[in-house]
2 protein chains.
Amino acid sequence: MRRNTWQREAVREALGNNEGFVSAQMLHSGLREAGSSIGLATVYRALADLGSAGEADSLQSDQGEVLYRACTPGQHHHHLICRSCGLTVEIEADAVEAWAHQVAADNGFTQPSHVVDVFGMCAKCSAD
Amino acid sequence: MRRNTWQREAVREALGNNEGFVSAQMLHSGLREAGSSIGLATVYRALADLGSAGEADSLQSDQGEVLYRACTPGQHHHHLICRSCGLTVEIEADAVEAWAHQVAADNGFTQPSHVVDVFGMCAKCSAD
DNA sequence: CGGATGAATGATTGTCGTTCTCAGTATGGC
DNA sequence: GCCATACTGAGAACGACAATCATTCATCCG
């Protein structure tokens, strides 16, 4: 039986308030500074749940830590991410989807999935 | 001054003998079982060197560990990877390169880079 | 060749992100 | 309200990787 706890809701809300990808630890310390007594393990659990429920996207940073971001559920999309500030734009890529399927099929691969993310410096960070 | 040691060569060779992506730890235990006395730290250092020299590609597994694979140096390419056995095919994707640059430019992003990898089940593993 | 030099090695320790443990808490059904 | 039990949270454990540092040995140079 799935229960509704204020902790889960707090994580969901904190994630939604964020423009870009954030780490579990950043979310946790943010919530703590806001006066919450939420535990780190709970943040990890909530994020994993949100991820598997399709309510959050995740990716791994260069340093190997997992970053999360709220996303529009049920819709497949990719991301354009600022290396400097983390600003993220959701992008559609039907052409890339088709290409990935084609490449997989051409090489005899089935059940294709793909990882497609574009990194760069956003307009604001480029100006600095 | 860069030195040539048998350890570095052993890592390079072990990497070349492998069809797919392998972790530093897998390489290390494989070399150890083959009778080498190479240290784990040295394997990590050698792999990092090969990576920055463009002689090896790396990617992060779902579990967060970094996997390495020998590649044709100096050529930008992506990978089609079997989720089951790790078999890897290098793929070219000029169209995707162009698309990534276009998407970045459309959103005001500069210095674009991208992560594009396709996962699936290879023909052999699909048959099992 | 042979000694000097300092880059490379490797056993160990440290770091850091994440997961696990387990006793205590509090949610939802009754 | 009461109970079963899913959830929580502090801390320990874990795993991948980086750093440390005494030792080793490639390379240089006479």
Side-chain angles (χ1 to χ4, degrees), chain A residues 1-15 18 20-53 55-70 81 83 86 115 117, chain B residues 1-15 18 20-53 55-69 81 86 115 117:
Chain A
M1 174 203 319
R2 168 76 167 271
R3 292 180 181 176
N4 282 331
T5 60
W6 62 266
Q7 288 96 333
R8 233 180 264 276
E9 202 51 45
V11 170
R12 194 200 308 270
E13 187 189 327
L15 204 61
N18 220 299
F21 280 85
V22 286
S23 70
Q25 318 237 11
M26 286 159 66
L27 268 179
H28 177 243
S29 61
L31 286 165
R32 277 303 181 98
E33 282 172 15
S36 171
S37 66
I38 194 169
L40 179 57
T42 302
V43 174
Y44 276 104
R45 279 186 289 244
L47 286 174
D49 284 355
L50 288 173
S52 63
E55 297 185 51
D57 283 328
S58 64
L59 62 83
Q60 297 188 20
S61 76
D62 296 343
Q63 292 78 34
E65 58 183 356
V66 181
L67 306 179
Y68 294 89
R69 180 172 187 272
I81 305 148
R83 265 190 296 267
V115 176
D117 286 303
Chain B
M1 173 203 318
R2 167 77 166 270
R3 292 183 181 173
N4 282 333
T5 60
W6 63 266
Q7 287 97 333
R8 229 179 265 276
E9 202 51 45
V11 170
R12 193 199 308 268
E13 188 190 327
L15 206 61
N18 220 298
F21 280 85
V22 285
S23 70
Q25 319 237 9
M26 286 159 67
L27 268 179
H28 177 243
S29 60
L31 286 165
R32 277 303 181 99
E33 282 174 15
S36 171
S37 66
I38 194 170
L40 178 59
T42 303
V43 174
Y44 276 106
R45 279 185 290 243
L47 286 173
D49 285 355
L50 288 173
S52 64
E55 298 185 51
D57 284 328
S58 63
L59 61 83
Q60 296 188 22
S61 77
D62 296 343
Q63 293 77 37
E65 57 184 355
V66 180
L67 306 180
Y68 294 88
R69 181 174 187 272
I81 304 148
V115 176
D117 286 304

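In the text below, chain A, chain B and the rest are named by the order of the sequence lines, each starting its count at 1.
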If you check the [X] side chain, which of [options] turns out closest?
{"X": "A:R2", "options": "C:dG10, D:dA10, D:dC7", "value": "D:dC7"}
{"X": "A:V66", "options": "C:dA7, D:dG9, C:dT18", "value": "C:dT18"}
{"X": "B:R8", "options": "C:dA11, D:dA16, C:dT9", "value": "C:dT9"}

Would you check if [X] and [Y] make a side-chain contact, meaning some heavy-atom pair closer than 4.5 Å?
{"X": "B:T42", "Y": "B:R45", "value": "yes"}
{"X": "A:M26", "Y": "A:E65", "value": "no"}
{"X": "A:L67", "Y": "A:I81", "value": "no"}
{"X": "B:L47", "Y": "B:L15", "value": "yes"}
{"X": "B:Y68", "Y": "B:L50", "value": "no"}

Mind checking if [X] touches a base, just sugar-phosphate, or nothing, with heavy atoms under 4.0 Å?
{"X": "B:S37", "result": "sugar-phosphate"}
{"X": "B:R45", "result": "base"}
{"X": "B:L40", "result": "nothing"}
{"X": "A:Q25", "result": "base"}
{"X": "A:T42", "result": "base"}

- Message: So for the helix from C:dC1-D:dG30 to C:dC30-D:dG1, with five pairs setting each end axis, what is the inter-axis angle to 10°?
- Response: 40°
Please give, in whole Å, the distance from [N] [atom2] to [X] [atom1]?
{"X": "B:H28", "N": "C:dT9", "atom1": "NE2", "atom2": "P", "result": "13 Å"}
{"X": "B:Q63", "N": "C:dT18", "atom1": "CD", "atom2": "P", "result": "14 Å"}
{"X": "B:W6", "N": "C:dG10", "atom1": "CH2", "atom2": "C1'", "result": "10 Å"}
{"X": "A:Q60", "N": "C:dC16", "atom1": "CD", "atom2": "P", "result": "19 Å"}
{"X": "B:Q7", "N": "D:dT23", "atom1": "CD", "atom2": "P", "result": "18 Å"}
{"X": "B:I38", "N": "C:dA8", "atom1": "CD1", "atom2": "P", "result": "14 Å"}
{"X": "A:M1", "N": "C:dC30", "atom1": "CE", "atom2": "C1'", "result": "11 Å"}
{"X": "A:E9", "N": "C:dA26", "atom1": "CD", "atom2": "C1'", "result": "17 Å"}

- Item | 5'-most by nearest nucleotide on DNA chain C - B:R3 or B:A41 | B:R3
- Is the distance from OP1 or OP2 of D:dC17 to the nearest side-chain N or O of B:Y44 less than 4.0 Å? yes
- Task: Output yes when at least one side-chain N/O atom of A:T5 is less than 4.0 Å from OP1 or OP2 of D:dT8, else no.
- Result: yes
- Report yes or no: does A:H28 contribute a side-chain atom to a donor-acceptor pair with the main-chain N or O of A:Y44 at less than 3.5 Å? no
- Between A:Q60 (side chain) and B:Q63 (backbone), is there a donor-acceptor pair under 3.5 Å? no
- A:V43 or B:A24: which one's nearest nucleotide on DNA chain D is closer to the 5' end? A:V43
- A:R12 CZ to A:D49 CG distance, which is reported to the nearest 0.5 Å: 9.5 Å
